Amino acid sequence: MSNNVNITIDGKVIAASKNESLLKACQAAGINVPSLCYHPELRTEGSCRVCMVEVEGQRTLVPSCVFPISEGMVVKTNSKRVLDARRTVVELLLANHPNDCLTCQKSGNCELQKIAADLNVRKIRFDGEKKALPLDCNNPSLVRDPNKCVLCSRCVRVCQEKQDMHVYGFVNRGFETEVAPPFSQGLDKVDCTYCGQCAIVCPTAAIVEKDDTAKVLAAIADKTKHVVVQTAPAVRVGLGAALGFEEGTIVTGKMVTALKKLGFDRVFDTNFSADLTIMEEGHEFIHRVQNGGKLPMFTSCSPAWVNLVEMQYPDLVEHLSTAKSPQQMFGAVAKTYYAQVAGVDPKDIVSVSIMPCTAKKFEAQRPEFNSSGYQDVDIVLTTRELSRMIKEAGLDFVALENGEFDNPLGTATGAGVIFGTTGGVMEAALRTVVEVLTEKPLANINFTEVRGQTQVKEATLNVAGMDVKIAVVHTLKEARKMLEKVRAGKADYHFIEVMSCPDGCVGGGGQPLYQGKEIRAKRQDAIYVCDENYPIRKSHENPEIKELYAKFLGAPNGEKAHKLLHTHYHAQHRGQ
């Protein structure tokens, strides 16, 4: 029996699946129906009523995001009745909304703003009461402005459905209704991992990343400071979408040029320290396997994931690799090795990172990360913040020529760049670990078993006569399931890669705003194109990494490397 039905939308007969909503049928037919509470990756809510349409035979207008379709249905999406109703809903929302669009951080990217413009809302007939609730900004990563919340519940749903953290919920009733953490506490007082997925789905500026661009501009303007910047792998495949390119466009060279024009003294590549991470983490894994260490070993480069373990699974902290993330390894090396090579006093170095991740802001200020004798990474900007800096400087990003990273911290391999997607850390580690153990070059360095958007990927590989069982998971919801298996003694893996965000860093909380996993797939594909284009694709073959060990660090996992590049995690107790 066919699931397809024929319906008429705005006079056009289309075939649609009877299992989908009317909104999805409209979208599939290329008909734009505005919505605020709807998100393609979250359960439908039907609360905002912006997506209302007229269905023949129905007494009232219906919310298309939750309305089922049936054979012969006749729909009008743009009748006067529909448009008047939508405008009324939007006017009511604006009547209670702060009137600061010109200075709002989301101006130009606000869904409410766009819908109001599309509906030609030029005046508001209602005089609503404005809220004056305090900002939640006492954490380094996110800012919540409840006055700009439209109660769409997207943040509630993404935190529950994708991350299983349940940080947000509805409190109070009627006009006093708010979305807030438990007991209306700040995010710094609850078990928030700062993953930033709430900021990605928020249609307004109710949740945004904490903007640190002014700090960076001040550092660049200070002639006594030597300002260096590192750029994470996922940034080069995400930044272009915010600056005039199609999603998934690789803009590495233009990004480097833009950073130099902004005034950074040196522009380096986090891929370099991703290679360094593989050297340390890979050798740590070998040591654990050969010497009865704690297994399975978890990757530790995703700070929101580390926060989850520390806050809610402190008994499993020893499973985390002690290797610092690439961001933090870079910071430690920049203020020691680079300072020495460049002849710069480390106290004068300002280390900036461009990350796809809001949790990296929290990670950088952790007291553990000062092994250089200083705060290893001083300021973290998200991809979105960098795009705003480029626009602010008046740079024509599309027209920029391609630049090259500076050395000695700018040479990287394909293994470093695939850190930007789920499975990438595992694949990069395998390229090195297998060759170190077998002392033979791999016939095929592409470990496709760990690629793709499947949320849990497993494989067993025979390495030097030993069966090594690995797993790759992404999103904190899946990570929690894996932790429960490990806690119960039911996870017989040797090595587990975890990334906090959907599909890894390409879907990070600081990336340009998007909807739908198709966008992340384009970014993933671009990451693998970058990998294929590198002349060297294994971390242990990076000549600058070899030189770093030969001249400065000694052996991987050696005494000096441990001091600078490793750490120990511990239980977090928020609000105590």
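Note that the coordinates shown come from a computational prediction; the quantities given were computed from them, not determined experimentally.
Partners of S273 according to the side-chain hydrogen bond (donor to acceptor under 3.5 Å, both in side chains) rule, which considers only residues two or more places apart in sequence or in another chain, do not exist here. Every residue two or more places apart in sequence or in another chain was checked for a ring-ring contact (aromatic ring centres under 6.0 Å, His included) with H97, and none qualifies. For K261, there are no salt bridge (Lys or Arg N to Asp or Glu O under 4.0 Å) partners at least two apart in sequence or on another chain. Looking at residues two or more places apart in sequence or on another chain, you find a side chain to side chain contact (heavy atoms under 4.5 Å, CB included) between E532 and N446, R537. Listed by chain and residue number, nothing satisfies the ring-ring contact (aromatic ring centres under 6.0 Å, His included) test with F419 (two or more places apart in sequence, or in another chain). Applying the side chain to side chain contact (heavy atoms under 4.5 Å, CB included) rule to N96 yields the partners F175; only residues at least two apart in sequence or on another chain are considered. Listed by chain and number, the residues in a ring-ring contact (aromatic ring centres under 6.0 Å, His included) with Y168 amount to none (sequence neighbours excluded). For T421, the side-chain hydrogen bond (donor to acceptor under 3.5 Å, both in side chains) test picks out Q524, with sequence neighbours left out. In this view, R480 and D164 satisfy the salt bridge (Lys or Arg N to Asp or Glu O under 4.0 Å) rule, not counting sequence neighbours.
In this structure, the side chains of R236 and V417 come closer than 4.5 Å at one or more pairs of heavy atoms.
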Distance-only criterion, 3.5 Å: show the donor-acceptor pairs between side-chain atoms of residues 499-510 and protein atoms not counting sequence neighbours.
from: S500; atom 1: OG; to: S302; atom 2: OG; distance (Å): 2.5
from: S500; atom 1: OG; to: W305; atom 2: N; distance (Å): 2.9
from: D503; atom 1: OD2; to: Q453; atom 2: NE2; distance (Å): 2.8
from: D503; atom 1: OD2; to: R520; atom 2: NE; distance (Å): 2.7
from: D503; atom 1: OD2; to: R520; atom 2: NH2; distance (Å): 3.4

Hey, can you pull the donor-acceptor pairs under 3.5 Å for the side chains in residues 30-40, sequence neighbours left out?
from: H39; atom 1: ND1; to: E41; atom 2: N; distance (Å): 3.2

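Side chain of T411 to backbone of E544: no donor-acceptor contact under 3.5 angstrom is found. Checked by atom type and distance alone, the side chain of K130 never pairs as donor or acceptor with a backbone atom of P98 at under 3.5 Å.
Between Y338 and F268, the ring planes lie perpendicular to each other; the angle is over 60°, past the 30° to 60° tilted range.
Taking both residues in full, the closest heavy atoms of Q113 and K106 are given as OE1-O, 4.4 Å, listed atom of the first, atom of the second, then distance.
Checking Q511 against T383 by side-chain atom types alone, a donor-acceptor pair falls below 3.5 Å. A donor atom on one side chain and an acceptor atom on the other are not found under 3.5 Å apart for T270 and Q327.
For the salt bridge (Lys or Arg N to Asp or Glu O under 4.0 Å) condition, no pair includes a residue of residues 220-233, sequence neighbours left out.
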